[in-house]
Amino acid sequence: MHARIVVDAGAEQVLARINPAVGTVEPLPDGRSVLVTGGDSVETVAVWIGMLGYDFHVTEPPGLVEHLCVLAGRYSRATSQTATAQSSAPGRASSPGT
C-alpha cells in the first residue's frame with residue numbers, strides 16, 4: 001500500500017520526525033511537504049502519519065482515507081464524554097482550547 005500525504009510542515013521538519021525507511025519527503029512551494037510512504041496495511045500507515053505530530057491531508061488511497069475517518073470518529077467518541085465532564089465540573093474554570 002502506497003500513499004502521498006501532504007503534511008502541514010516543511011520538509012526539514014518532517015525529515016526530523018521520520019526514519020528514512022518510512023518514506024521520502026518532498027518540499028512544496030507553499031512551505032508544506034509531501035510524504036511518500038507505504039506499509040503493509042492502511043492501519044500501519046495511519047499509525048505512522050498520526051505520530052508525525054503535524055496536521056496532514058490524505059486524499060488517496062481510498063482505503064487509507066476510509067480508515068482515517070473511522071479512527072477520527074473513534075478518537076472523537078473516546079474523548080467527547082471526558083471533555084463534557086471536565087467542562088461541567090463544579091469549580092472548574094474553563095480555559096481557551098478546552
Side-chain angles (χ1 to χ4, degrees):
M1 198 279 315
H2 291 89
R4 290 179 56 87
I5 298 140
V6 176
V7 182
D8 291 348
E12 297 279 328
Q13 293 169 291
V14 175
L15 285 168
R17 300 274 306 163
I18 68 167
N19 181 313
V22 169
T24 60
V25 180
E26 304 167 359
L28 292 174
D30 64 3
R32 298 180 303 161
S33 58
V34 173
L35 172 60
V36 180
T37 189
D40 293 336
S41 67
V42 294
E43 294 85 358
T44 300
V45 174
V47 168
W48 287 343
I49 59 178
M51 292 172 49
L52 278 176
Y54 298 111
D55 287 347
F56 57 89
H57 310 273
V58 178
T59 57
E60 57 182 82
L64 179 57
V65 173
E66 182 180 328
H67 187 66
L68 289 170
C69 289
V70 169
L71 289 177
R74 184 172 295 144
Y75 288 144
S76 179
R77 290 186 301 277
T79 60
S80 63
Q81 290 182 352
T82 303
T84 302
Q86 288 177 349
S87 66
S88 64
R92 178 166 166 83
S94 64
S95 59
T98 61

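Note that the coordinates shown come from a computational prediction; the quantities given were computed from them, not determined experimentally.
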- Item | Note, L52 side chain near L35 side chain (heavy atom, < 4.5 Å) | yes
- In Å and rounded to the nearest 0.5 Å, what is the CD1 to OH distance from I5 to Y54? 15.0 Å
- Query: Tracing side-chain links under 4.5 Å among I, L, V, M, F, W and Y, which residues wind up in one group with V6?
  - Reply: L28, V34, V36
- Query: Does CG in D30 sit with more than 12 non-hydrogen atoms of other residues, nucleotides or ligands closer than 6.0 Å?
  - Reply: yes
- Task: Decide whether M1 and V70 are clustered together by the hydrophobic rule: side chain heavy atoms of Ile, Leu, Val, Met, Phe, Trp, Tyr closer than 4.5 Å, transitively.
- Result: no
- Task: Taking atom NE2 of H2 as the centre, report whether more than 12 heavy atoms of other residues, nucleotides or ligands fall under 6.0 Å from it.
- Result: no
- Under a 4.5 Å cut-off applied to non-hydrogen side-chain atoms, are F56 and L68 in contact? yes
- Message: Quick check for you: to the nearest 0.5 Å, what is the distance between D8 atom CG and Q13 atom CD?
- Response: 10.5 Å
- Item | More than 12 heavy atoms of other groups within 6.0 Å of D55 CG | no
- Message: Other residues, nucleotides and ligands only: do more than 12 of their heavy atoms fall within 6.0 Å of CD on E26?
- Response: yes
- OG1-CD1 distance between T44 and I49, expressed to the nearest 0.5 angstrom: 11.5 Å
- Message: With side-chain contact (heavy atoms from CB on, under 4.5 Å) as the criterion, how do L71 and Y75 come out once you've worked through the C-alpha distance, each side chain's angles and the decisive distance to 0.1 Å?
- Response: CA-CA 6 Å; L71 289 177; Y75 288 144; 4.3 Å; yes
- Message: Rounded at 0.5 Å granularity, tell me how far NE2 in H67 sits from CD in E43.
- Response: 4.5 Å
- Applying the 4.5 Å side-chain criterion to the ILVMFWY set and letting contacts propagate, would V42 and V47 be lumped into a single cluster? no
- Do any N or O atoms from the side chain of R17 and from the backbone of M51 form a donor-acceptor pair under 3.5 angstrom? yes
- Can any side-chain N or O of T37 pair as donor or acceptor with the backbone N or O of A3 at less than 3.5 Å? no
